[in-house]
Amino acid sequence: LVPRATQELFRLIAESTASCQVQMNVAEIYNEQIKDLLSAEDKARHDVICSSSGEAVLTNMTTKSVHNADEVEALVWETMRHRAVDSTLIHQHSSRSHLVISLYITVGPTAPLSSEQ
């Protein structure tokens with residue numbers, strides 16, 4: 001799902017005349033604890049808060065800028081190494097956690113069309 005969604009996102013950004021910046025963070029929720037998977041040493045406390053606009057926000061998360069779908073996918077695979085795993089009756093290396101990938105898109109002003117466009 002993530003590779004297809006990000007490919008489409010960056011395709012739409014490339015077609016847009018607006019200036020766009022994309023940032024992401026990756027969190028793991030395991031045993032009712034939130035872990036920042038992009039942080040080298042995650043010692044901060046992370047909470048879920050509700051903003052005034054009703055948006056759920058994770059606090060104290062590391063955010064990285066990404067410029068294409070390949071960068072998103074590479075960061076997701078990098079963070080997978082840091083996920084909590086434990087054996088189950090069926091799988092020896094099973095993840096019992098939830099992975100939350102958040103993309104933040106900031107859209108700037110639309111570039112004026114030139115006379116050639």
Side-chain angles (χ1 to χ4, degrees):
L1 182 65
V2 173
R4 288 168 120 186
T6 56
Q7 286 172 358
E8 180 66 8
L9 170 68
F10 285 102
R11 184 189 68 76
L12 292 170
I13 288 172
E15 291 177 358
S16 173
T17 58
S19 167
C20 297
Q21 179 184 6
V22 181
Q23 295 181 312
M24 70 179 285
N25 63 40
V26 183
E28 173 186 53
I29 302 171
Y30 181 70
N31 283 339
E32 299 183 23
Q33 299 292 317
I34 300 169
K35 181 178 178 184
D36 181 351
L37 294 180
L38 290 179
S39 174
E41 289 187 28
D42 186 28
K43 297 185 183 200
R45 177 181 165 94
H46 307 287
D47 294 308
V48 179
I49 60 170
C50 189
S51 71
S52 59
S53 64
E55 176 184 21
V57 178
L58 293 173
T59 62
N60 303 315
M61 296 295 293
T62 302
T63 303
K64 299 217 176 183
S65 291
V66 288
H67 303 95
N68 56 54
D70 291 337
E71 288 182 10
V72 172
E73 189 171 357
L75 280 174
V76 170
W77 280 111
E78 179 184 324
T79 62
M80 296 295 276
R81 297 180 298 132
H82 305 293
R83 290 187 74 187
V85 293
D86 199 1
S87 62
T88 65
L89 293 175
I90 297 173
H91 301 293
Q92 184 178 1
H93 300 288
S94 176
S95 175
R96 296 180 175 194
S97 65
H98 299 277
L99 186 69
V100 179
I101 301 166
S102 300
L103 295 172
Y104 301 93
I105 305 158
T106 305
V107 180
T110 303
L113 294 175
S114 71
S115 59
E116 297 175 8
Q117 292 182 327

Can you list the residues that meet the side-chain hydrogen bond (donor to acceptor under 3.5 Å, both in side chains) rule with [X], with sequence neighbours excluded?
{"X": "Glu78", "result": "none"}
{"X": "Gln33", "result": "none"}
{"X": "Ser52", "result": "none"}
{"X": "Arg4", "result": "none"}

hydrophobic_cluster_shared for Ile105 and Val2, side chain cutoff 4.5 Å: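 Shared cluster, yes.
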
Quick one: list whatever passes side chain to side chain contact (heavy atoms under 4.5 Å, CB included) with [X], sequence neighbours left out.
{"X": "Ser16", "answer": "Ala18"}
{"X": "Glu32", "answer": "none"}
{"X": "Leu12", "answer": "Glu8, Glu15"}
{"X": "His67", "answer": "Ser65, Glu71"}

Residue of the set Thr63, Thr6, Val72 for which side chain to side chain contact (heavy atoms under 4.5 Å, CB included) holds with Met24: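 By the side chain to side chain contact (heavy atoms under 4.5 Å, CB included) criterion, Met24 pairs with just one of Thr63, Thr6, Val72: Val72.
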
Criterion side chain to side chain contact (heavy atoms under 4.5 Å, CB included) against Ile29, the qualifying member of Val100, Leu58, Val48: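 Single pass found, and it is Val100.
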
[atom1]-[atom2] distance between [X] and [Y], expressed to the nearest 0.5 angstrom:
{"X": "Met80", "Y": "Leu99", "atom1": "CE", "atom2": "CG", "result": "6.0 Å"}
{"X": "Ile101", "Y": "Leu75", "atom1": "CD1", "atom2": "CG", "result": "10.0 Å"}
{"X": "Asn25", "Y": "Met61", "atom1": "CG", "atom2": "CE", "result": "4.5 Å"}
{"X": "Leu9", "Y": "Ile13", "atom1": "CG", "atom2": "CD1", "result": "4.0 Å"}
{"X": "Glu28", "Y": "Thr79", "atom1": "CD", "atom2": "OG1", "result": "9.0 Å"}

Shortest non-hydrogen contact between Val22 and Phe10, atoms and distance: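 So the two residues come closest at CG2-CE2, 3.8 Å.
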
Pairs meeting criterion salt bridge (Lys or Arg N to Asp or Glu O under 4.0 Å) with involvement of residues 47-65, two or more places apart: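 For residues 47-65, and leaving out neighbouring residues, the salt bridge (Lys or Arg N to Asp or Glu O under 4.0 Å) pairs sorted by first residue read Arg45-Asp47.
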
Sidechain-backbone polar pair: His46 side chain, Thr59 backbone, donor-acceptor under 3.5 Å: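 Indeed, once roles are kept as given, a pair shorter than 3.5 Å links the two residues.
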
Hydrophobic cluster of Ile49, others only, ordered by chain and residue number, side-chain cut-off 4.5 Å: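 In the cluster with Ile49 are Val57.
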
